[in-house]
Every structure is written in C-alpha cells, then in structure tokens.
Amino acid sequence: MSTCIVKTDGLTKTYHGVNALHNLSITLEAGKIYGLIGQNGAGKTTLMRLIAGLGFPTTGSIQLFGHTGERALQNERKRLGCMIEYPSIVPNLTAKENLKLHRIMRGIPNIDVEDELLAFVGLSDTGKKKAKDFSLGMKQRLGIAVALISNPELLILDEPINGLDPLGVVEIRNLLKRLCEERQITILISSHNLPELYQTATDYIIIHKGEIKQTLTLTQLEGCCKHHLLISCELPEQLVSVLETQLHTTNYKVMPNKSVELYDYLDSKEHVSNVLYENGIIVTNLTNEGDTLEDYFISLVGGGRNV
Ligand code: ATP
C-alpha cells in the first residue's frame, strides 16, 4: 500500500474575502513527482505555503506524514524542504558558503553534506563565483540544494523551471528524477506551463481559481491528449476494408486527403501496423494524433493566458 505523505481536506484560504483556495482536497503519495499546474493566480503558491507552514488555512486541515494538528505539523515539517517563490540564497556568497550558512542555521553537524549536495546539483566547479553571478538555472539548482540540506522526504518547489532555457529545463528535470529514484523523495513542483512540466512529473494536479480541476497520472494525461491514429496509404479503400474485416471497427473517418482517422486502437499502434502489413497494406504514415498539451490545458481551464 502506498504511503500518504500529504493529505489536505477542504482547504480554503481567503484573502480580504476572496478565496485564493477553495475547499481543496488532495493526497500526495510517497515516491511520486506531482506537477501542480495552474495559470498565474490559480493558487499554487498559496497551497505550497500552507503545506510548508508559511501560512495558515482559513478553514480545512492538513495532514503531513499521517499527523495533523499544528503542534504535530510543526514537528513533521522538519521532514520537508522547500523553495517557494525565490531560492533562499545570499547573492554575495558562493554556492558552498550558501550551503554552509543554511547547514549551520538548520543545526546540521555533517560538513560533508555541502560538497555532496554541490556535486548532486552539478555546482561543484563554481569555486569562488558568487551566487549573484550564476545563471538562472544555476541559481535554481543552488536553491534546490539549499532545500535539500536537511535531507527531506518531501520537497516542495514553486516554479523552479520558470524562465529557464530548454537545457536548464532538462537539467532540473533530470535532477528531480534522480531525487525521486535515488533518494525516494516525494516532490511537489508547480508551473503555469503544462508542456514545460510534461514528463517531469509522474502525476499532475490541475488547479484553477483555487479549485482542483483534475488530477491525473502521466499516462492518463497522454491518454487524454490522444484522439486518433492517423493512417496514410496508397489505397484507402483496401485499408478501410481491413479495418472492418480484420480489426472489426467502423470507428474511423476517411479524410478529404484520403488519409484515415481511426478512433479505436489508440494504444495498439503496433498491432494495427502488423494487421495492415499482414493484409498487404503499404502504410506510409501511422501516428497518434490529438490535442497538444497546451490545447488540453486550455480546454480544461478555458483560456489561453499564460500557457
Ligand atoms: P503565480 O503563478 O502568479 O505565482 P499562483 O498560482 O501561485 O500564481 P497564488 O500566488 O497562490 O497563485 O495566488 C492566488 C490568489 O491569491 C491570487 O488571486 C492572489 O492575488 C491572491 N493572493 C495570494 N497571496 C496573497 C496575499 N498575501 N494577500 C492578498 N491576496 C493574495
């Protein structure tokens, strides 16, 4: 049975009479990477702040590692690391000095953790360079190292890939996957950009105007975006005959350009390919087609802003 790391129940946070979060209930299980996706102002930071204890809910409750109640939560929060809004780094210090500062502030005696973490996030060679001279990606990686200083079981990262170039995104993605695989850390990571976070997370929580719109696994997300198999060949008449007689489906449409959209067998492309081949159909194209992640996200939250 999977272990529940975080459970929120009917979480509501109101600022000046306006709900930043409304009746939000989610469960985060151990060893997964959760992508928290929502437009600007959706409530991502607010949720993360409440879980991390940087704010209090107006109503509703939070359970951490199976414990509830403010006193117990305070204790359990020692088991989480976070980077919310900005990396907690001092610009005039080097990467190592930043880690030393946080190690001492957290009362961690093990000096070796500084070099271990620098190596883990790929900043071992930054020497005397001050954090203010780091690239955005380096700053984000240093921020993650700071969040990891107390060896947390839950890591909360607010928009760590926002503004990074594609290489920076890949670096953070690989880092998070290693954290999950090598250290079995549960990760909650937010972004306003679904495609940017695609494949970083194992599970997605889509939040809109303070409410959960949908929670789904990576496989389900991919399934939601798949619409049809697009098949092209020289002889579409023969193709549809094979679809009907061999694959027993009439769930297809012949398009004006003579390609065929097949709405069944979305997860069995190889099977379709084999059956067509065995029946003498020379296929020139066979691809899964559908919504882009962006289209899908917009269809859920109903608007094109910030995606
Ligand atoms: P972004 O991607 O822009 O960071 P977000 O999804 O993290 O957005 P939040 O920062 O959680 O969204 O904000 C949710 C809503 O709550 C917004 O309408 C915001 O204006 C409001 N809000 C957040 N913090 C405060 C605050 N301290 N005082 C008043 N309103 C706030």
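Sequence positions, counted from 1, serve as the residue numbers for this chain. Remember, it's 1-based here, ligands and their atoms both numbered in the order they're listed. All figures in this text were calculated on a predicted structure; none of them were measured in a lab.
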Could you check [atom] against the protein and tell me its nearest heavy-atom contact, residue, atom and distance included?
atom                    : value
atom 28 (N) of ligand 1 : Y15 CD2, 3.5 Å
atom 12 (O) of ligand 1 : G43 N, 3.2 Å
atom 16 (O) of ligand 1 : A20 CB, 3.2 Å
atom 11 (O) of ligand 1 : T46 OG1, 2.5 Å
atom 18 (O) of ligand 1 : G41 O, 4.1 Å
atom 1 (P) of ligand 1  : N40 ND2, 3.6 Å

Using only heavy-atom distances, determine whether the side chains of [X] and [Y] contain a donor-acceptor pair under 3.5 Å.
X    : Y    : value
D203 : T217 : no
K132 : N92  : yes
S259 : N257 : yes

Exercise for review: Enter the distance from L36:CG to T215:OG1 here, rounded to the nearest 0.5 Å.
Suggested key: 11.5 Å

Check your understanding: Under 4.0 Å from atom 30 (N) of ligand 1, is there any protein heavy atom?
Key -> yes

**Study point:** Min side-chain heavy-atom separation K130-E97 under 4.5 Å
**Key:** no

Practice item. Compare Q39, H192, K44, M48 and give the one whose heavy atom is closest to atom 2 (O) of ligand 1. Key: K44

Exercise for review: Find out whether the Lys NZ or Arg CZ of R141 is both under 6.0 angstrom from the six-membered ring centre of F120 and within 45° of the ring's axis.
Suggested key: no

Check your understanding: Is E159 in contact with ligand 1, taking contact as a heavy-atom separation below 4.0 Å?
Key -> yes

**Study point:** Geometric class of the H228/Y263 ring pair [parallel <30°, tilted 30-60°, perpendicular >60°]
**Key:** perpendicular

Review point. So is there a nitrogen or oxygen of T45 less than 3.5 Å from a nitrogen or oxygen in ligand 1?
Key: yes

Practice item. Check whether L154 and V146 end up in the same hydrophobic cluster, where Ile, Leu, Val, Met, Phe, Trp and Tyr are linked by side-chain heavy atoms less than 4.5 Å apart. Key: no

**Study point:** Atom indices of ligand 1, in the order listed, that fall short of 4.0 Å to a heavy atom of A42
**Key:** 5 (P), 6 (O), 12 (O)

